[in-house]
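Shown next, in structure tokens, is the structure this report addresses.
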Amino acid sequence: MSDLFDKIVSLCKQRGFIFQSSEIYGGLSATYDYGPLGVELKRNVKDRWWEAMVYQHDDIVGLDAAIFMHPKTWEASGHTEAFNDPLIDDKASGNRYRADELIEDYIRGLRMDDEQERAEAVHKRLVRALNSDDTNDALYAIIQDEEIRAPDSGAFDWTEVRQFNLMFETHMGPLKEEGSELFLRPETAQGIFVNFHNVREPVRKHVPFGIAQIGKAFRNEIVARQFVFRMREFEQMEMQYFVKPGTELDRFAEWKQKRMDWHQSLGIRPSKLRFHEHEQLSHYANAAEDIQYEFPIGWKEVEGIHSRTDFDLSRHQEYSGKKMTYYDPFEEERYIPYVVETSVGLDRTILMLLSDAYYEEEVRGDTRSVLRFHPEIAPTRAAIFPLVKKEGLPEIAHRIEDDLRDHFNVLYDERGSMGKRYRRQDEAGTPFCITVDFDTLDDQTVTVRDRDSMEQDRVAIDQLATYIHDKTATWSVDG
RNA sequence: GCGGGAAUAGCUCAGUGGUAGAGCAUCAGCUUCCCAAGCUGAGGGUCGCGGGUUCGAAUCCCGUUUCCCGCUCCA
């Protein structure tokens, strides 16, 4: 783990951004809590995303679907099937296969080669394996004994057969009885798909239009690590854009660019962002690219943009028996819309912002740690200090604090020396520090110190809100 | 999940069988007060948790939890 990453994790704990869940009980794996500063940062990012997606597009509306969904949802989406099976990985290619299907394919191969007896023997063994108490080991033994090779790489280099159960299970109702099993959603997207008509009809939208949602999702990851990068409980910001089949790739290109622009609008350095094309597409996608950020731990995915075809709506139509078609009154045609999805990890975005904003610099032989957040997402917009805590300066500072509260999240601090107070706010990422001094008593002006340049401006008290608004609007990464 | 390493104050760490420490941070007071100034003082740790060995365990042994590194998946 890199030094920089460790420093960010320490700072998060020390300043109250993010810390481990249930720490007094020894912590809970891959689960983190957002403290006072973290929750402000997170809210600001959510607000900014909602503003960019919902308020800036008249063809996108919001939704807040429940975390619990009918179990059939996950059968339709393919999650039940894909994550409740005996899976085996080819170490050579990294591809993952269903162990039982691998063996079935092998049996088909034997039959094609006219080795009927052997095929029958393996088939019997497969049936026994699937009905045994120890299916995984039994399947693994067949693959080993028959020296079944990976279909793509031709390699014979397998992991163990493992039962994957990616979804968290729980029970509806106080009795844990048969048939009451529910899953915590592993993605927010399905809440959008199943509500396609419920949303579209009341808001009278025509295709193309989108539905946006921010919410928690849960995945029982085999390996969940690297701070908030991969958690078992995490938050997604997703938008599903419904389009006419045949137009999806143009929309895909459009959303790719819009989403990249959004990340840059947060103040993220463009050189640290890139697109990354998927090498293999999911069964439901006909185009997929990620937006990656260069974290201190390497290039990692922050957002996925996928052209999901009509897979999801078709499957829900099939499993629910309800029509998921859209009638276009202008073209007078009926079809199941295609979907372009933008899905960004909120916690990953937070980690990206922390990573990108963190700087250490030498100031008069001393090291200054500073989080150079975009002022609009900084947990605290401005801090107000009296130069000394007497001679009436605190009273003036408190009056400024009260005035600015109507505009921004602000904070008052009179403890410690000026230098110390500035440094504290640097580590919290507060972009502006306002100091009431003795001149204020005569001319009603204060100093405003800029977090990034450490330079000060003299500003009239009644101009402070305007000054901060202007500085916020013109802020850029390079200052 | 498998293999390897680690866990001592809010943070970073020292302490290898004999009464728990440092720096930073936090708090109070003084101060000539605009970039972590100085001085004085204070609070805070059953050394991750449980068990064992021992006269005595932060230190040795076992288990467990959490974290880190590799394999893997994704938001």
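Everything numeric in this text was worked out from a predicted model, so none of it was measured.
- Inter-residue side-chain proximity for Met239(A) and Glu341(A) is flagged as unmet; no heavy-atom pair is nearer than 4.5 Å.
- At the heavy-atom level, Glu414(A) lies nowhere under 4.0 Å from the strands shown.
- rC60(B) sits 8 Å from rG17(B) when the P atoms are compared, rounded to a whole Å.
- The interatomic distance linking Glu187(A) (CD) with rC73(B) (P) rounds to 18 Å, in whole Å.
- Closest to the side chain of Arg15(A), from the set rU32(B), rC11(B), rA36(B), is rA36(B).
- Sequence order on RNA chain B of the closest nucleotides to Lys300(A) and Thr31(A) puts Thr31(A) first from the 5' end.
- Nucleotides rU64(B) and rG1(B) have their P atoms positioned 11 Å apart, rounded to a whole Å.
- The separation of rU40(B) from rG56(B), taken at their C1' atoms, amounts to 39 Å, rounded to a whole angstrom.
- Nearest-nucleotide positions on RNA chain B for Tyr32(A) and Leu11(A) put Leu11(A) closer to the 5' end.
- The cationic group of Arg348(A) lies under 6.0 Å from the six-membered ring centre of Phe229(A) and within 45° of the ring axis, placing it in a cation-pi geometry.
- Spacing of P atoms, rA25(B) relative to rC61(B), comes out at 37 Å, to the nearest Å.
- For Arg219(A) against rA75(B), a side-chain-to-base donor-acceptor contact under 3.5 Å is present.
- Under the Watson-Crick and G-U wobble criteria, each requiring two contacts below 3.5 Å, nucleotide rU19(B) is left unpaired.
- When heavy atoms are screened at a 4.0 angstrom cut-off, Thr435(A) is found touching base atoms of the nucleic acid.
- Counting any heavy atom pair closer than 4.0 Å across all strands shown, Phe218(A) reaches no nucleic acid atom.
- Here, rA57(B) and rG15(B) have their C1' atoms 14 Å apart, quoted to the whole Å.
- The side chain of Leu387(A) sits closest to rC34(B) out of rC35(B), rC34(B), rG10(B).
- Straight-line distance from the CG atom of Asp413(A) to the P atom of rC34(B): 16 Å, rounded to whole Å.
- In this structure, Tyr422(A) does not count as stacked on the base of rA36(B) under the 5.5 Å centre distance and 30° plane angle limits.
- Taking side-chain N and O atoms only, Ser417(A) has no distance below 4.0 Å to OP1 or OP2 of rC33(B).
- Contact annotation: Arg230(A) side-chain N/O to rA75(B) OP1/OP2 distance is not under 4.0 Å.
- Closest contact between the side chain of Ser369(A) and the listed nucleotides rU66(B), rA36(B), rU12(B) involves rA36(B).
- Taking the P atom of each, rA42(B) and rU59(B) are spaced 30 Å apart, rounded to whole Å.
- Residue-level contact check: Gln20(A) touches the backbone only, with heavy atoms under 4.0 Å from sugar-phosphate atoms and none from bases.
- Among the heavy atoms of the strands lying under 4.0 Å from Arg449(A) is at least one base atom, whether or not backbone atoms are also near.
- Listed nucleotides rC74(B), rC34(B), rC27(B) differ in distance to Arg348(A); the shortest reach to its side chain belongs to rC74(B).
- On a pure distance criterion of 3.5 Å, no polar donor-acceptor pair joins the side chain of Gln425(A) and the base of rA36(B).
- Across all strands shown, rC49(B) forms a Watson-Crick or G-U wobble pair, both distances under 3.5 Å, with rG63(B).
- Atom CZ of Phe438(A) has more than 12 neighbouring heavy atoms from other residues, nucleotides or ligands inside a 6.0 Å radius.
- Side-chain atoms of Arg424(A) and base atoms of rC35(B) include no donor and acceptor less than 3.5 Å apart.
- Put simply, the side chain of Thr447(A) and the base of rC34(B) share a donor and an acceptor less than 3.5 Å apart.
- Across rG45(B) and rG10(B), the matching P atoms stand 8 Å from one another, rounded to whole Å.
- For Asp462(A) and Gln444(A), the side-chain atoms include no donor-acceptor pair closer than 3.5 Å.
- Nucleotide rA58(B) is matched to nothing when pairs are restricted to Watson-Crick or G-U wobble geometry with both distances under 3.5 angstrom.
- Here the nucleotide nearest the side chain of Gln456(A), chosen from rC35(B), rU12(B), rU32(B), is rC35(B).
- Asp290(A) comes within contact range of no nucleotide atom at all, as no heavy-atom separation falls under 4.0 Å.
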